[in-house]
Amino acid sequence: MTQPIANRFPTPSLDKLPEDIRTRILTVQEKSGFVPNVFLTLAYRPDEFRAFFAYHDALMEKDSGLTKAEREMIVVATSAANQCQYCVIAHGAILRIRAKSPVIADQIAVNYRKADIAPRQRAMLDFAMKVSRSAEEVSEADFAALAAHGFSNDDVWDIAAVAAFFALSNRLANVTAMRPNEEFYLMGRLPKGN
C-alpha cells in the first residue's frame, strides 16, 4: 500500500515547481532512488523550501567538531521527544548509515540514555534535549558540562542549532501529517545487496 506523502496540504507536481527546486528534487531522487516526502511537502511553499534546505545544509553537511552521525543522533533523539514520526524514521535511516550500526537509531529513539553511545555523546544529547524541550532552562552549568566532554563553544552552538532547527521541522512534519517514505524503514539495517 502506498503511503500518502502528507494529508493536509496539496503536494505540487514536479513539472509545476520552479526550476531550482525541481533540479534539487531530481538530484536527490537520482542519488537515493526515491524522493523523500519532505521535499515534496515543503515544495508547497517554494521560498520557505529554499530557506529550510539552505539552513539544513549549513547545519548538517559542514565539517565541525560534531560528526555527521552525531548530528543525526541529535535529530533522532529530539524528534522522538517531539513525537515526529517522519524525522525519527527518515533520520534514523541516515543515522544507521552514517554510524554503520543497524541498531543505534532505534536505541536512541526509544531512550538515548540507554543507547550504546559514548558518555560524550550522551552529554551532547542531554543538552540537545534541553534545547529542544526547555531551552529557557539552559544555564552556564550546561556549558560547563559540555566543556568537560571536550565540546568547544562552536560545538555547543551546533548542538543547539540542530536541536532548534529540527524542533521547527518536527512541528511542520506533524502539522502537515508528513509520512515517511517506505524506503527509509530498511535503509541501513541490512548489508547492501540484500
Side-chain angles (χ1 to χ4, degrees), residues 24 27-28 31-32 36 38-39 42 48-84 86-173 180 184 187-189 192:
R24 175 155 187 166
T27 300
V28 168
K31 183 178 178 183
S32 65
V38 66
F39 287 89
L42 296 181
E48 293 166 36
F49 175 103
R50 291 180 188 102
F52 180 94
F53 283 107
Y55 196 37
H56 171 278
D57 295 350
L59 292 173
M60 302 301 286
E61 300 301 327
K62 69 180 178 181
D63 291 325
S64 75
L66 303 180
T67 68
K68 289 183 179 181
E70 286 171 335
R71 282 177 264 198
E72 296 297 340
M73 288 178 187
I74 294 167
V75 178
V76 172
T78 59
S79 296
N82 291 325
Q83 298 184 42
C84 180
Y86 185 88
C87 291
V88 170
I89 301 302
H91 287 273
I94 298 167
L95 173 55
R96 288 190 297 272
I97 291 165
R98 291 196 167 159
K100 297 178 177 54
S101 169
V103 299
I104 192 67
D106 295 334
Q107 291 177 348
I108 288 174
V110 172
N111 185 349
Y112 74 90
R113 292 170 196 87
K114 296 187 178 176
D116 295 327
I117 58 177
R120 176 183 189 274
Q121 292 166 331
R122 180 171 173 187
M124 173 189 76
L125 294 179
D126 286 340
F127 181 69
M129 293 294 281
K130 192 170 195 178
V131 169
S132 180
R133 308 294 289 171
S134 54
E136 72 280 3
E137 296 176 12
V138 170
S139 70
E140 288 303 314
D142 297 304
F143 289 87
L146 291 168
H149 286 280
F151 289 105
S152 69
N153 278 340
D154 283 342
D155 296 336
V156 175
W157 180 286
D158 289 341
I159 296 166
V162 170
F165 176 79
F166 278 92
L168 166 112
S169 181
N170 297 158
R171 284 152 180 81
L172 279 173
F184 284 126
M187 287 173 59
R189 293 191 192 277
K192 285 196 177 208

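Using the six-membered ring where Trp is involved, H91 and H56 have ring planes that are tilted, between 30° and 60° apart. The aromatic rings of Y55 and F165 sit perpendicular to each other, their planes meeting at more than 60°, with 30° as the lower class boundary.
In this structure, SG on C87 lies 9.5 Å from CZ on F184, to the nearest 0.5 angstrom. Rounding to the nearest 0.5 Å places SG of C84 at 9.5 Å from CD1 of I89. With rounding to the nearest 0.5 angstrom, the CZ atom of R122 is 6.5 Å from the CZ atom of R113. Taken to the nearest 0.5 Å, the CD1 atom of I108 stands 7.0 Å off from the CD atom of Q121. A distance of 10.0 Å separates CE in M124 from CG in L146, rounded to the nearest 0.5 Å. Rounded to the nearest 0.5 angstrom, F39 CZ and S32 OG are separated by 8.0 Å.
Side-chain atoms of R98 do not come within 3.5 Å of backbone N or O of E72 as any donor-acceptor pair. Proximity of a side-chain donor or acceptor of D158 to a complementary backbone N or O of D155 within less than 3.5 Å is not detected.
Contact check for L59 versus R71: no side-chain heavy atoms found under the 4.5 Å cut-off. The shortest side-chain heavy-atom distance between V75 and I94 does not fall under the 4.5 Å cut-off. The closest side-chain heavy-atom distance from P36 to V28 is below 4.5 Å. Proximity of D106 to R189: side-chain heavy atoms (C-beta onward) are separated by under 4.5 Å at one or more points. In this structure, the side chains of V76 and Y112 stay at 4.5 Å or more apart for every pair of heavy atoms. No side-chain heavy atom of V131 sits less than 4.5 Å from a side-chain heavy atom of I159. By the 4.5 Å heavy-atom criterion applied to side chains, L42 and E48 are not counted as neighbours. You'll find the side chain of F166 stays beyond 4.5 Å of the side chain of I74, heavy atoms only.
With sequence neighbours left out, the ring pair (Phe, Tyr, Trp, His ring centres under 6.0 Å) criterion links Y86 to no other residue. Taking E137 as the reference, K130, S134 meet the side-chain contact (heavy atoms from CB on, under 4.5 Å) condition, with sequence neighbours excluded.
A salt bridge is defined here as a Lys NZ or Arg NE, NH1 or NH2 lying under 4.0 Å from an Asp or Glu carboxylate O, and R24 with D57 meets this definition.
Checked by atom type, the side-chain pair N170/T78 shows no donor-acceptor distance below 3.5 Å.
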Practice problem: Verify side chain to side chain contact (heavy atoms under 4.5 Å, CB included) between R133 and N82, making sure each step is shown before the conclusion. | Solution: CA-CA 8 Å; R133 308 294 289 171; N82 291 325; 2.7 Å; yes
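Of all heavy-atom pairs between P102 and R96, the closest is O-CD, 3.4 Å. The two residues G188 and I97 come nearest to each other via the heavy atoms CA-CG1, 3.9 Å.
Other residues, nucleotides and ligands contribute only 12 or fewer heavy atoms inside 6.0 Å of the CG atom of D63.
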